[in-house]
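Numbered from 1 within each chain, the chains take letters A, B, ... in sequence-line order.
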Amino acid sequence: MNPNFTTIITPIEPSKVEWCRGYLRDNADPQFGGEAAFLECRPLFPFDKIAGLHFCSFVILDAADGGGPCLVFEATFDGPRAGFLDELLKYAPIGFDEVYRRCVGYPLSGTTTPNLVREYWERHDVGANTFFSGSPGRTVVQVKGENSVRKGIVSFLSARFLVDAILPGRPAGLLDLVTRECIRGSADNRWAEQPAQLPWQMTLRTQIAVAAGIVVALLACALGALVCWALGYRLSALYAVLPLWLETVGHATQHFDTKVSALPWVSQLTEVIQPATLTGLMLLSVMWLVVRAAELLLRSASKNTRDQHLFWRFPLQLAVVTRYALLGVLIGVVTLAVISGVDRSPTWAGILVDGPSGILMSLGAVLVVMFQLVCIGGLLLVGWYCTTSLQLMVELQPLSKTRENLRRMALDVIQFAMFLLVSVGVLLVAALLPETVISNVAGMARSLTYGWLLMVLLGWSGVMAGYLVGLLALCVIGALEYRDRTTFEHPAGLLIRARDNARKYAREEAGINRYQNHLASITCVKPGVLRYWILRLVLFAVNVLAKFWFNKGELGGIPTILSARWVLIDGGRRLLFLDNFGGAWESYLNEFIDLAAVKGLNAIWTNTFVNAAGKRYGFPPTRFLFWQGAQDARPFKAYVRQSQVETIVWYGAYPMLGVVGINANTDTRQDLFAPLSSPAIDRFLQRL
Amino acid sequence: MNTEKIEWHDVQGLLLSGYPQLPYSAYVAWHFLPGQRDAAKRWLRDLAERLMRADRIEGEDDGATDLQLPPTNIRALKAMRVGDRTAINLAITASGLQELDLDEHQLSDFSVEFLEGMAPKPTSGRRMPRRSGLLGDAGESSPCRWEWGGWGPSAEVHGMLLLYASEEHVLQALVQAELHAMNGVADVVVTGDQGNGRPVIVHGRLYDDAKEHFGFVDGISQPIIEGSPLAIRSEENAKNEKKAKSGHTPAGSGEGDKVLSAKDRRISLVKPGEFVLGYRNERRERISSQSVKPGSNLRDLLRNGTYLVFRQLEQDVDAFEKFVASLATRMHGKADVEATEEVAARLIGRYRNGAPLVRAGADSPSAPERNDFLYAYEDESGMACPIGAHIRRANPRDAIGSDPDVALKLSKMHRIIRRGRPYGARRGEQDETTGKGSRRGTAFIALNADIAGQFEMIQHSWLNNPQFGGLPVGTDPISHVAHDGDELVIQQRPFNLHIEKPRPFVTVRGGAYFFLPGINAIRALAD
């Protein structure tokens, strides 16, 4: 998926490290061109001539216990790697030759034999364990072009409509005017007529998520089946036992059933539905209400991320899973009740078969049923109105915790009531169908429902088993962290080194880095088999999520990362992190510390440590891998500064843009020729 | 609410009050004379006893009855109704601390921004220093053009005396007295060429209408420190009201002092560690000395202190008026008082009388300045108060992010206490100084515990961020930053108004990062 990336790490001859640094600083680093040009590339390294280059940077890693000094060249670009490397050699042969001549293993013939150089680079390309792009699927030309389209529309509208000028009456007319004159009518912008070709990972995002959810559910069922098999039950036995369970429930609650059946309106229902099922339904509903109430209380206990420990989140997630399982069982039981009701009352069907007086009666019966269906439809409309207003309530005014919980509960109850109404409607319709059809359908439906119930139960037990395994794993990690407390120093000790680290980041937020900054950080991986696997697993998970879920511009809630990568180097002993982000370093790290994305950050970085003044300082201690850690703000920032390496050269193709702006520009372009409703047009115009 | 007990008797009074009773003030920038270290310490020791504290020490006499002695705590100051009322506060820069012989360990307790200073000198010729880029100090506001505190040849600033008085003549007497006290030990910093060699004594003046030079009421929105007398009073009041509602008779609130409503408290109460060092902040962390272990004899110099950001901002009122008039013509077709009022309010976010644009209709004419409003539910689209307006950028409240509750909590981590005052004669008044040097403007003072996370972050990521709120809204209308192609955006239907931003109306003329120590810390420095 676009953009492509390369991380070329080549060892440098130890005596030439300072020379390389100086040379890159003096000849490769683009200059701040003032207001006129913003970023001006140097003659020996004309990065701006490469049309497909998004970002690139040079970093020199000093010798450490992992290995000798090395030169890191990081690039994010469009198109295949071979083509990009060829372009590098075409536009900057002298510069690259000078630098790489000081690297070990570089072909002596240099750029006179470009194939050898390219092959050397490709051999040293370590790629990335995890790569994230803030605007995937967009080329450099596209990013710049969409920005100029937005600017064109803004200047067109501003120039066209001064005070008292006549505006088109409808918003659609305004959009029409823009597309006609500003896009189609302008030679510069005509290309924007074609909607952007976004990669399938972006366009099919929800479908992929749904498919992944189904796969997870199936895996959970498989795990549940495994658990049952391990406990001695066989699947088919379970399947047969389900209706028996329901009957046992019925027998157990017989006394209660008779009481319930005595109630006036209930007696009508019990003609159609077995009282046992009714009691079962009520029992399940009560359980569901209790679980939902517990879940809501846990969720609303505190919105402060610093309060959300493992011991709150665990029961909360268990409650959510149990709630969904109960919901599944409820749906199954309701369906069973409907089926049994349909089975037990073929009374209307009998009437339909009779003679001419029967036809009148059957017509009457049909009319009665239709009237009842219309009533149900009316009630459903009322329910739909209530749910919509409950859903909108949250956007109109701030709600206190209790009111928010009540709102959610009310929403659930009304939705379930609507489901019940639909089932009643199905019952009524089924009464009109001939008996043979009913019994066939009923038999099939019954076995399907039993299968569904079995799956729900298996899935629930599978998920519970999974959580148990997870809890055990987290406890093991907790023990590991406890041991690390004595092995590694607390990074608060790095606070006094702040001034020594300051010269590393002297380029941030100034000059060409006014809007976009670069962070290069090298840390050592904590020794041990567990740490090895945890780090790789987390990096793999983040990589998959970055490709398929976090492709809307934000990574776990952080909306400012342009292009980031994690690379394990030196045979997995060190972790290199290269990040192009927007805004200032301080506000960027604050976002991590204060928002929910801190969990992912913790999971990766807790496996690392840094060396300073002969001591080993670990990451701020995490609790059970995900919690605390970076929330310890000052030691965390001191740790990042210590791990940071000076970025000697940095280039960005669009240094004044931000991720949110780039994605908004793409949305603007997509919306230009799409059929939009009035509120959507308003949103479109407000985005400009 | 488990608030920490703050040692107010050790905190300098400027944190708790802007001294509205003392409208005349002078900010004197001074530097130590070389080789006078012992005399300097004596001077500091003596000065520490005369500084205004936030509260009296337990058991100490108020001193309010003795009109001869100047009051040294805010309670006594408020109790005094007549007589010469004055207040003195002291702030020191990093170079000043170095002159006082602090060793490397003690110095590294302080934050890096403070140690580097507001305008660290550029090391290489090619690249702008990071701090100046971060604050947007470039072009006309570049430190090479500053009258003091910048890269010019004027002497280094080692500290500042903040002097306040109730009358003009009382202030003059106070200034003379303090200059006399520091004679031989320290000298007033003198401006370079840009200021004609004048001494750096900025005369701030709090007018009765509380307006600054662009005509806006200033200082309405201030964070309230949890554990301050106002916060404690408001909590007590709220408890009493609850008791009254449930039938118990309340004890009576008494004094007639100001009390905050529940909504005010939700919006403005901030944990003390955000402003006073040594206490817990919104992240539940404490900023305290790393080199001094608890229980040792050495004093934690950071405790009860705070960082003070001082910037002398010159304001070009003529240009601002002209711009507002032209914008009014463009937006409303006329440039009368009503139209210019509307337009100026769109730039700042409040009307000139202090009424905020959000729900501006529901005010009482006698007290239009309100601060109990939020943005997320009342004005998400920016139609009432433009998203790029000054007050919306400086304090976004609950507007940043998707969940307003979380956003409000997060925005509390980036608030500053402002104690600045306008300086220079008002436009149209007599007494305009001639020649070079800034004529009128604002002496901007901000107090915070973490310069990088609070002041600098507001400057860079909110005020001067052309992508504020995820929208291309340009930079702050009254910022000193000048970019090519910068614009102002005013939210309107059907489409927003994009206005080309003219040259900035504000220029930075000088400034520095100071540390406002606690009283005991000053005594420890003087040992």
Max heavy-atom pairs within cutoff under 4.5 Å with chain B, candidates A:N501, A:D594, A:L685, A:L589, goes to A:D594
Heavy-atom closest pair (A:V394 atom, B:Y377 atom, distance to 0.1 Å) is O-CE2, 3.4 Å
Show, in sequence, the C-alpha distance, side-chain angles and deciding distance for B:R283 and A:N590, and conclude whether the side chain to side chain donor-acceptor pair (under 3.5 Å) test is met.
CA-CA 11 Å; B:R283 292 207 180 95; A:N590 281 344; 3.2 Å; yes
Whatever's closer than 4.5 Å to a heavy atom in chain A on B:A376 counts as neither
Note to self: Quick check: do B:E285 and A:R634 have side-chain heavy atoms less than 4.5 Å from each other?
What the structure shows: yes
Honestly, the part of A:I681 sitting under 4.5 Å from a heavy atom of chain B is neither
Of the listed A:M656, A:Q31, A:R150, the one with the largest count of heavy-atom pairs under 4.5 Å with chain B is A:R150
Ranking B:K409, B:M413, B:Q491 by heavy-atom pairs under 4.5 Å to chain A gives rank one to B:M413
Note: vs chain B, highest number of non-hydrogen pairs under 4.5 angstrom among A:S155, A:G583, A:P398, A:P171 is A:P398
Chain A shares the most heavy-atom pairs under 4.5 Å, among B:E116, B:Q290, B:H483, B:E282, with B:H483
Interatomic distance, CD1@B:I458 vs OG@A:S587, rounded to 0.5 Å, equals 12.0 Å
Atom CD of residue position B:E500 - does it have more than 12 heavy atoms of other residues, nucleotides or ligands inside 6.0 Å? no
Inset, instruction - Would you mind reporting whether A:Q686 and B:M383 have side-chain heavy atoms less than 4.5 Å apart? - result: yes
Of B:P466, B:P129, B:G485, the largest count of non-hydrogen pairs under 4.5 angstrom with chain A goes to B:P466
CD (A:E509) and CD (B:E456) are apart, to the nearest 0.5 Å, by 8.5 Å
Cut-off 4.5 Å, heavy atoms of chain A, and the answer for B:D405 is side chain
Ranked by heavy-atom pairs below 4.5 Å to chain B, first place among A:A584, A:G511, A:G661, A:G658 goes to A:A584
| Counting only heavy atoms not in A:K151, do more than 12 sit closer than 6.0 Å to its NZ atom? | no
Whatever's closer than 4.5 Å to a heavy atom in chain B on A:F684 counts as neither
So OG of B:S289 and CD1 of A:I496: to nearest 0.5 Å the spacing works out to 10.5 Å
If you tally heavy-atom pairs under 4.5 Å between each of B:H460, B:Q467, B:M457 and chain A, the highest tally belongs to B:H460
Applying a strict 4.5 Å limit to non-hydrogen atoms, the region of B:D450 in contact with chain A is side chain
* Exceeds 12 heavy-atom contacts within 6.0 angstrom, atom NE2 of A:H309 -> yes
A:R499, CZ atom: more than 12 neighbouring heavy atoms under 6.0 Å: yes
Looking only at heavy atoms, the pair that brings A:L688 and B:H498 closest together is O-NE2, 3.7 Å
Checked B:E487, B:E378, B:E380, B:R284 vs chain A; the most non-hydrogen pairs under 4.5 Å come from B:R284
Verdict with supporting geometry, B:L134 and A:E586, side chain to side chain contact (heavy atoms under 4.5 Å, CB included) = CA-CA 11 Å; B:L134 192 63; A:E586 183 78 30; over 6 Å; no
Under 4.5 Å to a heavy atom of chain A? For B:L497 that would be neither
The interface call for B:P494 against chain A, heavy-atom contacts under 4.5 Å, is both
When the 4.5 angstrom heavy-atom criterion is applied to A:D682 and chain B, the contacting part is side chain
If one checks every heavy atom of A:I512 against chain B at 4.5 Å, the contacting part turns out to be neither
Applying a strict 4.5 Å limit to non-hydrogen atoms, the region of B:D403 in contact with chain A is side chain
The interface call for A:R683 against chain B, heavy-atom contacts under 4.5 Å, is neither
Comparing A:L396, A:T560, A:D29 against chain B, the one with the most heavy-atom pairs below 4.5 Å turns out to be A:L396
